[in-house]
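One structure is given below, encoded as structure tokens.
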2 protein chains.
Amino acid sequence: MTPLKGKATSFDIAYLAGVSQSTVSRALRDSPAVNQETKDKIFAIAKQLNYKVDKNASNLRKQTTGTLALLLFEDPTVDESQINPFFLAMLGSITRACSQRGHDLLVSFQQLSNDWHADYEDSKKADGIILLGYGDYKDYEEKLNTLLAQQTHFVCWGAEVHGHPEFTIRSNNLQGGKLAGQHLLQQGRKRFAFLGNASDHSPEFLARYQGMVHALEQAGIAENTVAQLDAISTEQAGFDAINQLHAQGKSFDALFCASDLIAIGAIRALQKKGLKVPEDVAVVGFDDIPVASFSSPALTTIQQNTSLAGEMLVVNLLKLINHQPVELTEIQPKIIVRHSCGAAER
Amino acid sequence: MTPLKGKATSFDIAYLAGVSQSTVSRALRDSPAVNQETKDKIFAIAKQLNYKVDKNASNLRKQTTGTLALLLFEDPTVDESQINPFFLAMLGSITRACSQRGHDLLVSFQQLSNDWHADYEDSKKADGIILLGYGDYKDYEEKLNTLLAQQTHFVCWGAEVHGHPEFTIRSNNLQGGKLAGQHLLQQGRKRFAFLGNASDHSPEFLARYQGMVHALEQAGIAENTVAQLDAISTEQAGFDAINQLHAQGKSFDALFCASDLIAIGAIRALQKKGLKVPEDVAVVGFDDIPVASFSSPALTTIQQNTSLAGEMLVVNLLKLINHQPVELTEIQPKIIVRHSCGAAER
DNA sequence: CTGAAAGCGCTTACAG
DNA sequence: CTGAAAGCGCTTACAG
């Protein structure tokens, strides 16, 4: 075999094997319509030439890509350099799930303000899109509607696309909020506060809030006694929110935060004011990001199963692409009791 | 304009604009050889049809992809569900750097044992490959040589490809080790231990070890007084290594760990044995992963600048692809003093 | 400044 | 079981 200039093509193999290029193509995709001997010969030559199917050519012909795109968008206010650890964990599980199913993953960060919605599938770079991120849901929804109108294949994490539950994988946030509320009640706490946006601009956080309120009401605590303050999912926002709450003269002995990052910032602010966690204020977070177990005190939190979530996102997107029915998936949250709530022995 | 069945192509635009398809193609790429009026008309129609260039077709024709592949491989022993936070941070900065340069990023996890080396560029899915990961360098090197032989465009983080510094972006690990050693010496520590493989199976860790030894020798402390134990970059390995060191009857008041993950595990093991950090043992890690500031005590560590590293990886790979000379890049490490070394006030 | 034509490397009816 | 041929949707010499 003489070395060829440039990469080998199926024609080179055909020439060397003494068959037609069509046969080579069939053999390489292991078509049952090809004689085993012919196949063996072709495989051997392909291996020798270090031949790889040109994906651009095969995708162009097949009109498909074998690739999924992950669009990760963030609140534009967030520091550029840091990605929310929760999404990073999701990224990990999504990447694994893709590999397992023989798909490639195209990853891209986006600002919510950009025109991210249109391009990946239309330009044939991906068969479908996975959306991941926090941000104002009202802005988000608009893009989602464009995607819907363009019949792009997509799934998203967390927030439901109005009237289309099949496009979403989400945690049971209401249940998560209930778990947090109930647990805090069990610790004998009476005066509650919640950090995180609790409006339809942030449906996930809202559900967490509502879940907690639900638990409190069952225990005879009225919603109007609960202090609530908006916070995006960053440490800084949690820190600031506590200071604001105190400036407003609000007092509380139980604090439920819409995310761990908020909780960690809040704990810092509380400690800076000389308050003890959990003695003075019991704190529960949400997500169970890796740092949660390292904060002081270790953070009690509502865990979201990122492995399952990532897996389901990929599985459902693939089903959508293949026009198969999807399972409606809701991930069940789980409370991880550590020290910040005052329950576990220290 | 009547809506077209399926996606619009450049022929549809040509028909609508009353020009040839060649002209459309030129106009869309903003070729100076096209009349501005014609361009305007074509752009307007393209927008109306929500036209997007088919990347498979254009890549096939241009024989390029506009895509970079990131191969993230891990020690197979590591728990499947967790990715080393340091690499996750790198992933973030690489993704950003790619977007900024108009490239897509294909991400893939690999076991070091797999045949990952060949496919991405050969199959025309990417113009080049970024390699990221820990693992036995001896195994790694072999793959790298294959890549080299195949003339694949690639860059890698950390370990130098024998005789080819241009393919690597690395921290000055030797300097990092020195900083750690010097700092520990300044705290008055005399009896040193190092956790991490210090052989050519792990050149980065080895250099960190050597840097520390170098600092110690300058202070008159001989290398043979230093306790060293292998550990891969996980908490568990750090935890186990401490127990083993104690079982061997080794005692030390200064501990330098080849990574933060090792350090965090080591601190847990020390504390479990009733030893105080930093009073009994001062600990310094390496990487400055996000959890480092949250461990108790907060971890003093040698920071690697992941933003710069990710950026340089992308920049150099792009240069390699375009046959331009690359800058030899070495990232300068920086010591972040927190509490685990006993230096900062608590 | 514009058009007709070739061709990138495959996959897949169609025919035998 | 195999081959000849068309065609996926572009880009880019070549010619005018």
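A note on names: the letters A, B, ... follow the listed sequences, proteins ahead of strands, and every chain is numbered from 1. No hydrogens, no waters, no symmetry mates; every other heavy atom, side chains included, goes into these values.
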Legend entry - All salt bridge (Lys or Arg N to Asp or Glu O under 4.0 Å) counterparts of A/Glu166, not counting sequence neighbours: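 Not a single residue meets the salt bridge (Lys or Arg N to Asp or Glu O under 4.0 Å) criterion with A/Glu166.
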Legend entry - A/Lys319: salt bridge (Lys or Arg N to Asp or Glu O under 4.0 Å) partners, not counting sequence neighbours: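 Expected list: A/Glu327.
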Legend entry - Residues A/Ser25, A/Ser22; criterion side chain to side chain donor-acceptor pair (under 3.5 Å); working and verdict: CA-CA 5 Å; A/Ser25 176; A/Ser22 329; over 6 Å; no
What residues, two or more places apart in sequence or in another chain, satisfy side chain to side chain donor-acceptor pair (under 3.5 Å) together with [X]?
X: B/Ser31; result: none
X: B/Asp104; result: A/Tyr120, A/Lys125
X: B/Thr95; result: none
X: B/Thr65; result: B/Asp127

Just the rounded figure in Å: distance from [atom2] of [N] to [atom1] of [X].
X: A/Asp12; N: C/dG9; atom1: CG; atom2: P; result: 9 Å
X: A/Leu49; N: C/dG9; atom1: CG; atom2: P; result: 14 Å
X: A/Gln63; N: C/dG9; atom1: CD; atom2: C1'; result: 14 Å
X: B/Lys124; N: C/dC8; atom1: NZ; atom2: C1'; result: 9 Å
X: B/Tyr15; N: C/dG3; atom1: OH; atom2: P; result: 15 Å
X: B/Lys125; N: C/dG9; atom1: NZ; atom2: P; result: 18 Å

Inset, instruction - Keeping to residues at least two apart or across chains, list the salt bridge (Lys or Arg N to Asp or Glu O under 4.0 Å) pairs with something in residues 147-157 of chain A. - result: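 Counting only pairs at least two positions apart or across chains, no salt bridge (Lys or Arg N to Asp or Glu O under 4.0 Å) contact touches residues 147-157 of chain A.
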Legend entry - Pairs involving residues 16-35 of chain A, ordered by first then second residue, that meet salt bridge (Lys or Arg N to Asp or Glu O under 4.0 Å) (sequence neighbours left out):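 Sorted result for residues 16-35 of chain A: A/Asp30-A/Lys39.
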Legend entry - Sub-4.0 Å heavy-atom contacts from residues 31-40 of chain B onto DNA chain C, ordered by number: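 Contacting residues: B/Pro32, B/Ala33, B/Val34, B/Asn35, B/Thr38.
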Inset, instruction - Whenever both distances are under 3.5 Å in a Watson-Crick or G-U wobble pair, mark it; put DNA chain D into dot-bracket that way, with [ ] for crossing pairs and | when the partner is on another strand. - result: |||.||||||||.|||
Inset, instruction - With DNA chain C as reference, determine whether B/Ser20 or B/Leu60 sits nearer its 5' end, using the nearest nucleotide of each. - result: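 It is B/Ser20 whose nearest nucleotide is closer to the 5' end.
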Legend entry - Summary of protein contacts for nucleotides 10-16 of chain C, nucleotide by nucleotide, where a base hit scores B, a sugar-phosphate-only hit scores S (4.0 Å, heavy atoms): BBBBB--
Legend entry - Pairs involving residues 41-67 of chain A, ordered by first then second residue, that meet ring-ring contact (aromatic ring centres under 6.0 Å, His included) (sequence neighbours left out):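 Listed by first then second residue: nothing to list.
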Inset, instruction - Mind listing the closest non-hydrogen atom pair of A/Gly310 and A/Ile94 along with its distance? - result: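 Nearest pair, atom of A/Gly310 first, then A/Ile94: CA-CG1, 3.7 Å.
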